[in-house]
2 protein chains.
Amino acid sequence: MSRHKKSMGSTPGGHDAKKELFDGFASVAKVMSSGRRAEIVDVLAQGERPVDEISREIRQSIANTSQHLQLLLRAGLVKSRRDGTRIYYSLSGPAVIRLWAAVRDVAVEHLAELDDLATSYLGDRSSLTTMTRDELRERIGDGDLMLIDVRPEAEFRAGHIAGAASVTIKELETRLDQLPNDRLIVAYCRGPYCVYADNAVRILTRHGMKAARLEEGFPEWKEAGLPVEASNTNASGA
Amino acid sequence: MSRHKKSMGSTPGGHDAKKELFDGFASVAKVMSSGRRAEIVDVLAQGERPVDEISREIRQSIANTSQHLQLLLRAGLVKSRRDGTRIYYSLSGPAVIRLWAAVRDVAVEHLAELDDLATSYLGDRSSLTTMTRDELRERIGDGDLMLIDVRPEAEFRAGHIAGAASVTIKELETRLDQLPNDRLIVAYCRGPYCVYADNAVRILTRHGMKAARLEEGFPEWKEAGLPVEASNTNASGA
DNA sequence: GGCATATTCAAGTAGATGCTTGAATTTTGT
DNA sequence: ACAAAATTCAAGCATCTACTTGAATATGCC
């Protein structure tokens, strides 16, 4: 309650109802306007996680992570559930995944400096073979292709692309002999800006194997309504 | 350059490249995190406009409006072009419209208080007949339906749904006799949270005519790739 | 050139934000 | 009931944000 320059609202209600409504919309964007909260959303898009794991993931103090989560909660982007002494957070619905994807899309298309930022985080991607979602969907049953999920195992257990095998990057080098030499290996992880799959493809090609990365990640696959499965031992492992 | 608690970046590049990348994504959301800038995006989704018109539309000083536009410009959400002494701003691409739609969707689905805010701005919508985009698309050629665009005429000229007639709310009451009594009149305006169409439907039904509002607005119609047309006299009129 | 119009720039202020540290709360295991 | 673990709450500080006012810039018209 402060300024009033001209008359009032456009037509109906009364005071500055329009301002308040648009402030309401903006509050959703505001909560995504922190890089740390964006990281949180990116992680939670893989499945629910307790506070301390999220805090480690985004490399912030637990108190600070908790406050970010409170904000996300108040804005309705995430929900929480208690299990014993832990509190698990997860995205409140698929609309949030679409929002996060829309933010990235705009950044990629229209933010000049983003290419540099991405390159400095992900390294040079020009030599990586990639595969689109549609291409994978068509070839996934063909038998001349193996699909590996290179995210942390807990996320694989919480949900993964149907038919994928879990091979974390940590294990990758030691399990090379278990991977086929004659088939194309497709790796995927959290999303288009996740390093795991890039690294996996680099390691595999360095060892003379045929490898490609799925351009997007698990959340986009699931959001598109494509087949997923879960090894539901218990949402998120230790 | 301040905090460093644990080690460093996740895997590749080096320093805090991940932090910077996600800060980059977040900067896109940040620019949408002001209600006033959201209003600007909502207006620019209808077509390009000069600064002073935008300033009037959002009921803010010209200086303040200009600063908001600078921010939107730096973040890549809008572009500008000079024509004589005026500078016209417009959205930089369809991804921005998708972003704005995603923000609204999340707000509607997950923000508890939004219903109240919307009701206080738009009034009680429960008695309004509505029509979905798909329904309109199917029935638009049938002849038992008239489509009217109730936005300001400048926006109609910049682009409108193919087959629509321009009838601003100001004119509406005086032009009632020009509207059919036996056909359903469908009104649309800027988007799902635009008051014009609501008011038009209320006026029409009060006068005993059959009327409905299109649930969404022109930008969503265009974004869906459905047929549009323009009376290109000159983008935005005076 | 000089005046008018449209827009941007610059400086100032009240208020919000992100992170920190340390204490308070809630649940589990004994 | 008591200690341990996970999380939240509260206070504090440095920084950033939104708006205001007034001056500066750029274009068009005479």
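Below, read A as the first sequence line, B as the second, and so on, with proteins coming before strands; counting in each chain starts at 1. Hydrogens, waters and symmetry mates are skipped; everything else that's a heavy atom, side chains included, is used.
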Do any side-chain atoms of residues 91-114 of chain A form donor-acceptor pairs under 3.5 angstrom with protein atoms, and if so which ones, sequence neighbours left out?
| residue | atom | partner | partner atom | Å |
| --- | --- | --- | --- | --- |
| A:S92 | OG | A:G76 | O | 2.6 |
| A:S92 | OG | A:L77 | O | 3.0 |
| A:S92 | OG | B:H110 | ND1 | 3.4 |
| A:R98 | NH1 | A:E223 | OE2 | 2.7 |
| A:W100 | NE1 | A:D42 | OD1 | 2.9 |
| A:R104 | NH1 | A:E220 | OE2 | 3.1 |
| A:R104 | NH2 | A:E220 | OE2 | 2.9 |
| A:H110 | ND1 | B:S92 | OG | 3.4 |

Side-chain polar contacts of residues 22-30 of chain A - donor-acceptor pairs under 3.5 angstrom, sequence neighbours left out - could you list them?
| residue | atom | partner | partner atom | Å |
| --- | --- | --- | --- | --- |
| A:D23 | OD1 | B:R36 | NH2 | 2.4 |
| A:D23 | OD2 | B:R36 | NH2 | 3.1 |
| A:S27 | OG | A:G24 | O | 2.6 |

Look for any protein N or O under 3.5 Å of an N or O in nucleotides 6-12 of chain D and output each such pair with its distance, or none.
| residue | atom | partner | partner atom | Å |
| --- | --- | --- | --- | --- |
| D:dA6 | O4' | A:T85 | OG1 | 2.7 |
| D:dT7 | OP1 | A:V51 | N | 3.2 |
| D:dT7 | OP1 | A:I87 | N | 3.4 |
| D:dT7 | OP2 | A:D52 | N | 3.0 |
| D:dT7 | OP2 | A:D52 | OD1 | 3.3 |
| D:dT8 | OP1 | A:Q70 | NE2 | 3.3 |
| D:dT8 | OP1 | A:Y89 | OH | 2.6 |
| D:dT8 | OP2 | A:S66 | OG | 2.7 |
| D:dT8 | O5' | A:S66 | OG | 3.4 |

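Across residues 28-41 of chain A, not one residue has a non-hydrogen atom less than 4.0 Å from an atom of DNA chain D.
With rounding to whole Å, B:D23 atom CG is found 11 Å from C:dG18 atom P. In this structure, B:R81 places its CZ atom 15 Å from C1' of C:dA6, rounding to the nearest Å. Atom CD in B:Q60 sits about 11 Å away from atom P in D:dA18, given to the nearest Å. In this structure, CG of A:D83 is placed 18 Å from P of C:dT26, rounded to the nearest angstrom. Between the CG atom of A:N64 and the C1' atom of D:dT15 there is a distance of 15 Å, rounded to whole Å.
Rounded to 10 degrees, the angle between the two end axes of the helix from C:dG1-D:dC30 to C:dT30-D:dA1 is 30°, with five pairs used at each end.
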Discussion item. What verdict does the salt bridge (Lys or Arg N to Asp or Glu O under 4.0 Å) test give for B:R190 and B:E155, after you've listed the backbone C-alpha separation in whole Å, the side-chain angles of each residue and the deciding distance to 0.1 Å?
Written reply: CA-CA 9 Å; B:R190 291 177 173 167; B:E155 294 172 24; 2.5 Å; yes
Discussion item. For A:E48 and A:R81: C-alpha separation, side-chain torsions, deciding distance, then whether salt bridge (Lys or Arg N to Asp or Glu O under 4.0 Å) applies.
Written reply: CA-CA 9 Å; A:E48 64 171 11; A:R81 118 188 130 77; 2.5 Å; yes
Item to complete: Would you sort out whether B:E57 and B:R49 count as a salt bridge (Lys or Arg N to Asp or Glu O under 4.0 Å), showing the intermediate values?
Response: CA-CA 10 Å; B:E57 196 77 59; B:R49 300 293 279 282; 3.4 Å; yes
Discussion item. Using salt bridge (Lys or Arg N to Asp or Glu O under 4.0 Å), reason through A:E53 and A:R86 one step at a time and then give a plain yes or no.
Written reply: CA-CA 11 Å; A:E53 284 187 24; A:R86 278 206 165 82; 5.5 Å; no
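Between B:R74 and A:H68, the residue anchored closer to the 5' end of DNA chain C is B:R74, taking for each the nucleotide with the nearest heavy atom.
Under the ring pair (Phe, Tyr, Trp, His ring centres under 6.0 Å) criterion, A:H68 pairs with no residue, sequence neighbours left out.
There is no side-chain donor-acceptor pair under 3.5 Å between A:D83 and A:Y88.
Shown here for B:L69 and B:I40, the closest heavy-atom pair between the two residues is CD2-CG2, 3.9 Å. Smallest separation of non-hydrogen atoms from B:R213 and B:G191: NH2-O, 3.0 Å.
Between the B:S55 side chain and the B:V51 main chain, no donor and acceptor come within less than 3.5 Å of each other.
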